[in-house]
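To keep things clear, I will list the structure first and then write my remarks on it.
Chain identifiers are assigned alphabetically (A, B, ...) following the order of the sequence lines, protein sequences preceding nucleic acid strands; residue numbering begins at 1 within each chain. Hydrogens, waters and symmetry mates are skipped; everything else that's a heavy atom, side chains included, is used.
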There are 2 protein chains.
Amino acid sequence: MTETGGRAGRPRADALRNRELVLAAADRAFLEQGTGASLEGVARGAGVAIGTLYRHFPNRRALAAGLLRERHAALFEYGDDLADGKPALEALAAWMRAVAAHAALYRGLAALLMESLDDEASELHEACARMAATTNNLLAAAAAQGEVRTDVTAADVHALMNAAAWMREQVPAEQADHLDELLVNGLRR
Amino acid sequence: MTETGGRAGRPRADALRNRELVLAAADRAFLEQGTGASLEGVARGAGVAIGTLYRHFPNRRALAAGLLRERHAALFEYGDDLADGKPALEALAAWMRAVAAHAALYRGLAALLMESLDDEASELHEACARMAATTNNLLAAAAAQGEVRTDVTAADVHALMNAAAWMREQVPAEQADHLDELLVNGLRR
DNA sequence: ACCTGAACACCGTTCAAGT
DNA sequence: ACCTGAACACCGTTCAAGT
């Protein structure tokens with residue numbers, strides 16, 4: 001079930017190219033104006049007609065999901081690598097900071113990630129599920145070492161990470177770092 | 001500097017009445033659709049022309065500020081009453097819960113409050129300043145009793161309260177209550 | 001002093017017509 | 001199979017004309 005190409009063989013070359021142009025323009029627009037940026041503006045920036053944008057990405061969430069999958073793979077890989085080495089709570093904290101900083105790149109992304117965790121119909125659900133898997137692992141490890149309150153769930157951590165991103169969208173970076181630490185401190189037993 | 005009536009004497013009776021109609025319609029619309037609700041829809045709901053809405057409230061923030069000042073005074077009074085009795089950290093926690101629950105009434109309000117604390121030009125600045133005064137008092141008392149980390153500022157608490165509201169906009173009430181507790185736990189030393 | 005509503009600029013989304 | 005762009009419905013905001 002690829003996004004472009006339908007049921008038939010390889011997608012046409014011009015379609016692939018347009019898809020990339022749209023993603024690049026969306027990346028620029030979301031960085032500057034957040035995920036609420038005008039889709040007509042994105043299409044203009046990509047040099048394609050608005051219908052072409054909609055053909056590749058039926059809505060805003062699909063656009064964000066495409067960006068996460070194809071341009072932000074490093075975040076997920078970072079999460080996979082965090083399991084070893086460090087004390088477990090430190091690894092969990094590093095993951096929370098990484099997600100918070102990342103989601104804050106596009107203003108509004110944290111809200112999309114928040115609402116997509118439990119919504120299997122959302123185009124962002126896959127990204128959320130992958131994030132949740134990492135969160136689960138790191139939380140379980142920290143809990144096993146008794147470093148975290150026993151009533152903390154992975155859903156709580158998901159909410160707190162995204163809340164950290166949301167705060168980061170609106171306060172100076174140093175304060176945001178400090179707030180990250182207060183959030184992690186709240187998980188301690 | 002009243003919002004309606006300009007520099008002259010009492011505002012006309014029809015103006016006062018229209019202002020109330022707009023506020024009531026905005027309250028309904030914001031409750032249902034958040035602070036991003038269509039202002040044309042609000043005007044329609046109030047039975048006035050769109051120009052009348054703009055005359056009384058030049059923008060969305062002015063509308064939210066009007067609602068807070070004239071229909072949500074109870075929140076601020078509650079904050080004033082929290083200083084006595086209880087242990088200081090408990091009072092601060094109660095205040096954070098009250099603000100979070102309140103700001104979550106209108107989806108999007110927490111973001112407006114967040115950006116208005118340091119923006120003196122914002123119509124919501126007065127409301128934020130009053131909230132900040134209460135936060136300051138309660139935080140100072142809790143800090144004086146050594147119940148709170150010494151690096152926690154009133155700005156931090158403001159951010160955390162509004163983040164709690166933001167989370168509450170998107171998770172079930174029980175989880176939101178739990179998240180409130182984790183946030184407060186993070187303030188403990 | 002206040003209200004009305006047309007006017008302008010813009011956007012999201014769909015879909016018939018093309019290649 | 002894919003692209004284009006007109007079409008429709010809607011909104012934010014301003015302002016000339018009224019009372």
Nearest to the side chain of A:A49 - D:dT4, D:dG12, C:dG12?
D:dT4
Should A:R55 be listed as having a side-chain N or O under 4.0 Å from OP1 or OP2 of D:dT4?
no
Would you give the length of the straight line joining atom CG of A:L109 to atom CE of A:M114, rounded to the nearest 0.5 angstrom?
12.5 Å
Looking only at C:dG5, C:dT14, C:dC3, the nucleotide nearest the A:Y54 side chain is C:dT14
So that I can tick it off, tell me whether A:R19 and A:E70 are bridged by a salt bridge, with the cut-off set at under 4.0 angstrom between side-chain N and carboxylate O.
yes
In whole angstroms, how far is the P atom of D:dC3 from the CG atom of A:L21?
10 Å
Using whole Å, what does the distance between atom P of nucleotide D:dG12 and atom CG of B:L63 come to?
11 Å
Assign B:T52 to base, sugar-phosphate, or nothing according to its heavy-atom contacts below 4.0 angstrom with the strands shown.
base
For D:dT13, which nucleotide in any strand shown is its Watson-Crick or wobble partner with both distances under 3.5 Å?
C:dA7
In whole Å, what is the span from the CG atom of B:L39 to the P atom of D:dT14?
12 Å
Does A:H56 place a side-chain N or O at less than 4.0 Å from the phosphate oxygens OP1/OP2 of D:dC3?
yes
Could you check which of C:dA6, D:dG5, C:dG12 has an atom nearest any side-chain atom of B:I50?
C:dA6
Whole angstroms only, please: what is the CZ-P distance between A:R60 and C:dC11?
11 Å
Note: for B:E40 and B:N18 on DNA chain C, the residue whose nearest nucleotide lies more 5' is B:N18
Looking for any heavy atom pair under 4.0 Å, which part of the strands does A:D14 touch: base, sugar-phosphate only, or nothing?
sugar-phosphate
OP1 or OP2 of D:dC10 sitting under 4.0 Å from any side-chain N/O of B:R44?
no
Are A:R12 and D:dC2 close enough that a side-chain N or O sits under 4.0 Å from OP1 or OP2?
no
Between C1' of C:dT14 and CG of A:L53, the distance in whole Å:
13 Å
Using only side-chain N and O atoms of A:R17, determine if any of them is under 4.0 Å from OP1 or OP2 of D:dC3.
no
Could you tell me whether B:Q145 atom CD has more than 12 heavy atoms of other residues or ligands within 6.0 Å of it?
yes
Using 30° and 60° as the class limits, which term best fits the ring planes of A:H72 and A:H102: parallel, tilted or perpendicular?
perpendicular
Tell me which nucleotide, if any, is Watson-Crick or G-U wobble paired with C:dA1 when both distances must be under 3.5 Å.
D:dT19
Is atom CZ of A:R107 surrounded by more than 12 heavy atoms (other residues, nucleotides or ligands) closer than 6.0 Å?
no
